[in-house]
Amino acid sequence: MATSDASSSDNRPTALITGASRGLGAAVARELAPTHRLVLGARTERSLAPILSELPGATGFPVELTDYEAVARAAEPIERLEVLVHNAGVADLGTIADSSVAQWRNTLEANLIAVAELTRVLLPALRAANGHVVLINSGAGLRANAGWGVYAASKFGLRAFADALRLEETALRVTSVHPGRIDTDMQREIVAGEGRDYQPREFLEPSTVARAVRTAIETPRDAHPTEIVLRPIPR
């Protein structure tokens with residue numbers, strides 16, 4: 001579990017990354033590892049084991065982000081936080097005609113409400129560091145397509161949350177990252193659901209998006225990188 005003094009001799013800034021056990025979250029962790037103390041989030045300690053083994057200086061943050069009492073307990077020891085990367089989320093696709101109340105609730109809960117609550121409980125730590133909140137959004141947060149309505153609604157809401165946070169917490173920097181489709185396990189599941197063959201070259205590499213996240217974080221403080229949009233170029 002994360003603590004506020006992971007290493008008293010390590011003066012690097014601290015970054016908490018949700019959904020860090022694989023895919024884009026793990027890529028962001030690798031990108032920030034040389035310059036940041038890492039707190040890596042996922043649902044369980046078991047799922048975090050591989051990335052923590054790969055990055056032995058990192059600290060685990062195993063918590064179900066929709067269990068808000070558990071989130072509050074996990075966040076309580078964190079007194080100062082320079083970077084918060086919201087990467088965890090779900091992609092439950094389908095048409096509006098075939099959607100259910102449960103699908104809407106689960107998607108909005110994971111992709112929007114859990115993000116808002118984790119940010120809220122960490123605001124004192126972020127304020128203490130004049131921190132940076134990075135929200136991994138999606139191209140679907142800029143334009144909704146058929147079959148992506150539920151997911152897009154959650155991502156449009158996430159963009160609105162970022163905009164409001166940026167205006168309310170003026171000492172913080174808040175960046176929305178809108179990547180196109182990324183070569184991850186989640187993408188493989190989506191493509192399988194679409195009934196297509198999976199071609200990795202059609203999609204962004206996780207390391208490319210992770211580099212954009214690092215660039216936003218390293219942007220000098222006289223600039224505020226508010227939105228980053230990335231689109232894949234088929235290779």
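Values in this document were obtained by computation on a predicted structure and should not be read as measured data. Just so you know, residue 1 is the first one in the sequence shown, and it goes up from there.
- Judged purely by atom type and a 3.5 angstrom limit, His178 has no side-chain atom pairing as donor or acceptor with the backbone of Ile228.
- Counted within 6.0 Å of CZ on Arg211, heavy atoms from surrounding residues, nucleotides or ligands total 12 or fewer; the atom is thus considered open.
- Annotation: salt bridge (charged side-chain N to carboxylate O under 4.0 Å, His left out) contacts of Glu189 (sequence neighbours excluded): none.
- One N or O on the side chain of Thr219 and one on the backbone of Thr215 form a donor-acceptor pair closer than 3.5 Å.
- Shown here are the salt bridge (charged side-chain N to carboxylate O under 4.0 Å, His left out) partners of Arg214, two or more places apart in sequence or in another chain: Glu31, Glu218.
- Side chain of Thr35 to backbone of Leu32: a donor-acceptor contact under 3.5 angstrom is found.
- With Asn111 contributing its side chain and Val90 its backbone, the two residues share a donor-acceptor pair below 3.5 Å.
- Counting only N and O atoms by type, the side chains of Thr175 and His132 include a donor and acceptor under 3.5 Å apart.
- Considering all non-hydrogen atoms of both residues, Val150 and Ser99 come closest at CG2-CB, 4.0 Å.
- At most 12 heavy atoms of other shown residues, nucleotides or ligands fall within 6.0 angstrom of atom CZ in Arg201.
- Within the structure, every pair that satisfies the salt bridge (charged side-chain N to carboxylate O under 4.0 Å, His left out) test and touches residues 148-161, not counting sequence neighbours, is listed here: Arg159-Glu227.
- In this structure, the side chain of Asn106 engages the main chain of Ala102 through a donor-acceptor pair within 3.5 Å.
- Under the 4.5 Å side-chain heavy-atom criterion for Ile, Leu, Val, Met, Phe, Trp and Tyr, Val39 and Val133 are members of the same hydrophobic cluster.
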- Trace of the salt bridge (charged side-chain N to carboxylate O under 4.0 Å, His left out) decision for Arg12 with Glu82: CA-CA 10 Å; Arg12 292 178 300 166; Glu82 282 80 7; over 6 Å; no
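- Between the side chain of Asp67 and the backbone N or O of Ala70, at least one donor-acceptor pair lies under 3.5 Å.
- No donor-acceptor distance shorter than 3.5 angstrom exists from the side chain of Arg105 to the backbone of Ser100, with no hydrogens or angles considered.
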When the side chains of residues 114-128 are checked against the rest of the protein, which donor-acceptor pairs come out under 3.5 Å, sequence neighbours left out?
unit_1, atom_1, unit_2, atom_2, d
Glu117, OE1, Arg120, NE, 2.9
Glu117, OE2, Arg120, NH2, 2.8
Thr119, OG1, His86, NE2, 2.7
Thr119, OG1, Val115, O, 2.8
Arg127, NE, Glu169, OE1, 3.0
Arg127, NH2, Glu169, OE2, 2.8

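- With sequence neighbours left out, Gln103 forms a side chain to side chain donor-acceptor pair (under 3.5 Å) with no residue at all.
- Checked against salt bridge (charged side-chain N to carboxylate O under 4.0 Å, His left out), Arg143 has no partners two or more places apart in sequence or in another chain.
- A salt bridge is absent between Glu194 and Arg188; no separation between the charged side-chain nitrogens and carboxylate oxygens falls under 4.0 Å.
- Although no hydrogens or angles enter the test, the distance criterion places no donor-acceptor pair under 3.5 Å between the side chain of Asn137 and the main chain of Val177.
- Without hydrogens or angle criteria, Ser47 side chain to Ser21 main chain gives no donor-acceptor distance under 3.5 Å.
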